[in-house]
Protein chains: 2
Amino acid sequence: MNSNEKPQWNGCPTRYAAGIVGDKWCFLLLRDVLLHGKRTYREFLASPEGISTNILANRLSKLETLGMLTREADPRKASSVCYFPTQKSKDFLLALVSMMVWATQYDEVTEAPASFAESFSNDPAGTIAWYEAEIDRVDQALRSS
Amino acid sequence: MNSNEKPQWNGCPTRYAAGIVGDKWCFLLLRDVLLHGKRTYREFLASPEGISTNILANRLSKLETLGMLTREADPRKASSVCYFPTQKSKDFLLALVSMMVWATQYDEVTEAPASFAESFSNDPAGTIAWYEAEIDRVDQALRSS
DNA sequence: CTCTCCACTTGCATTTTGCAAGTAATTTAA
DNA sequence: TTAAATTACTTGCAAAATGCAAGTGGAGAG
C-alpha cells in the first residue's frame, strides 16, 4: 500500500465501515482484541480460523494505520509486542455485539448461549459498558506489569 | 464453491457474521438493498464503488444462498429480475446502522448529517423500525405493480 | 425481423492469498 | 557461557480471487 495515495473509501459511512470491517481477517482480529482479550501476535495466530503469518502481519499493520490498534512493547517482556485497542475500536463494540446477536439468531449451530442475546436486548448500553470495562481492566493490568 | 462441502464458519457468532459481511461487496450490496431501495442487477451495478459484472453476479448468488436475498421475477417486466431482502437481512439493520453511526463518528469527511447519528442514539429501536417500514413500503409497492 | 435491453458468462491479465520456509533479536535452559 | 527456544515477523512461490473487456442468450419494442 502506497501511503501517499489516500483511499477514497470515505464519505459514505457504510463504505467507510466496509473499508475496515469488510475484510474477514480484520473483522476476526477485532473480535480477538475486543472480546477475547488477545494482545500479541502469537495469541492472534492461535485463533481457530488459522490466519497465516504474512496475512496477520499485514492486517495488524493495516489496523494500526487505520487507528484501530496501537503497537507497543510488551511490558512483561521487552522483546515481545502488544497490540492495544484504541478508543475507535472500543467504540466499535456496539456494532460488533449487534452483529453477534444477529448471527446468534440465524446460525443454526451457534455456540453462543441464549443469555447473551437476552442480556443485550434487555440492556444494550449496560452490556457494551461491561465489555468496555473488561477491556480496560485487562489493559491496565497488562500495562502496569 | 462446492455445495457438497459445508463451510465451518458457524458456531462462533463473529465468525458467522464475518462469513457474510466480512466481504466488501456483500457488505455494500446489503447497504444498497436495505438503505437505498435497490432491487435490480442494473441498480446494484450503478453504485459509485463500481462493482464488476462477474463479481456482482457471484455475490448476488452468494447472498441468495445465505438466505439474505430472494431472487424473483420483476413484477413490472417479466424478463427482468428483482432481489428482495429477507427477514434475515432486515434483522441485520440494527448492526448495519450501528456501524454507520460509528463510521460517521470517525470518518473525517463523512457525508452523513449529524442528525442521523443523533436520531439513532435518541431512539435506536424507532430508527430501525422506520428503516424497516421503508423497506416494506418499497417492496409491497413493487410486488403489487 | 432487427435492435436494444437485461442479466448474466467467459477469457485473461493482475492482485491477493495461503502455505512453507527462513531470519533476526532476544530470552531461557543446561 | 553457550546452545536451544521463543517472538515477530519476511520471503518465495503456487493457487485462488479479482477486475476489465468482450460476448451470449432471451424477452420486448419498433
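Order of the sequence lines sets the chain letters (A, B, ...), proteins ahead of strands, with each chain counted from 1.
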Exercise. Are side-chain N/O atoms of Glu72(A) and Thr70(A) paired as donor and acceptor at under 3.5 Å?
Worked result: yes

Exercise. Should the ring pair Trp25(A) and Trp9(B) be called parallel, tilted or perpendicular, given that the plane angle runs from 0 to 90° and is split at 30 and 60?
Worked result: perpendicular

Exercise. Does Lys24(A) have a side-chain nitrogen or oxygen under 4.0 Å from the phosphate oxygens OP1 or OP2 of dG18(C)?
Worked result: yes

Problem set entry | Below 4.0 Å: OP1/OP2 of dG19(D) and any side-chain N or O of Trp25(B) | yes

For this session: Any chance you could list the contact pattern along nucleotides 21-27 of chain D? Use B for base contacts, S for sugar-phosphate-only contacts and - for none, protein heavy atoms under 4.0 Å, 5' to 3'.
Result: BB----S

Problem set entry | Nucleotide dT16(C), atom C1' - distance to NZ of Lys62(A) in whole Å | 12 Å

Exercise. Can you tell me how far C1' of dC8(C) sits from CG of Leu60(B), to the nearest Å?
Worked result: 10 Å

Exercise. Which listed nucleotide (dG19(D), dC9(D), dT17(C)) is nearest to the side chain of Ile55(A)?
Worked result: dT17(C)

Problem set entry | Residue met sooner reading DNA chain C from 5', once Ser52(A) and Ser80(A) are mapped to nucleotides | Ser52(A)

Problem set entry | For the student: nearest non-hydrogen atoms of Phe120(B) and Val97(B), plus distance | CD1-CG1, 3.7 Å

Problem set entry | Atom-pair distance (CG on Leu28(B); C1' on dT18(D)), nearest Å | 15 Å

Seminar exercise, completed: Taken to the nearest whole Å, CG/Asn58(A) to P/dT10(D) is 10 Å

Problem set entry | Carboxylate-amine/guanidinium contact Arg39(B) Asp74(B), below 4.0 Å | no

For this session: Hey, can you tell me if Trp102(B) and Tyr16(A) have their rings parallel, tilted or perpendicular (30° and 60° cut-offs)?
Result: tilted

Seminar exercise, completed: Heavy-atom closest pair (Glu132(B) atom, Leu93(B) atom, distance to 0.1 Å) is N-CD1, 3.9 Å

For this session: Whole angstrom is fine here: how far is it from CD1 in Ile51(B) over to C1' in dA17(D)?
Result: 13 Å

For this session: Provide, to the nearest angstrom, the distance between the CZ atom belonging to Phe44(B) and the P atom belonging to dA7(C).
Result: 10 Å

Problem set entry | Phe84(B) six-ring centre to Arg143(B) NZ/CZ under 6.0 Å and within 45° of normal | yes

Exercise. Say you draw a straight line from CG of Leu60(A) to CG of Leu56(A); how long is it, rounded to the nearest 0.5 Å?
Worked result: 4.5 Å

For this session: Please check the phosphate of dC9(D) (OP1 and OP2 only) for any side-chain N or O of Arg71(A) closer than 4.0 Å.
Result: yes

Problem set entry | Pair Arg15(A) + Asp107(B): basic N to acidic O under 4.0 Å | no

Problem set entry | Rounded interatomic separation in angstrom, taking CG from Leu29(B) and P from dA7(C) | 14 Å

Exercise. Phosphate oxygens OP1/OP2 of dT17(C): is one of them under 4.0 Å from a side-chain N or O of Arg59(A)?
Worked result: yes

Exercise. Tyr83(A) side chain N/O closer than 4.0 Å to the phosphate oxygens (OP1, OP2) of dT7(D)?
Worked result: no

For this session: State which of dT27(C), dC8(C), dA8(D) makes the closest approach to the side chain of Val81(B).
Result: dC8(C)

Problem set entry | Whole-Å gap separating C1' (dC8(C)) and CZ (Arg42(B)) | 10 Å

Please tabulate the protein-to-nucleotide N/O contacts below 3.5 Å involving nucleotides 1-3 of chain D, giving atom names and distances.
none

Problem set entry | Between CD on residue Glu64(B) and CG on residue Leu69(B), distance to nearest 0.5 Å | 7.5 Å

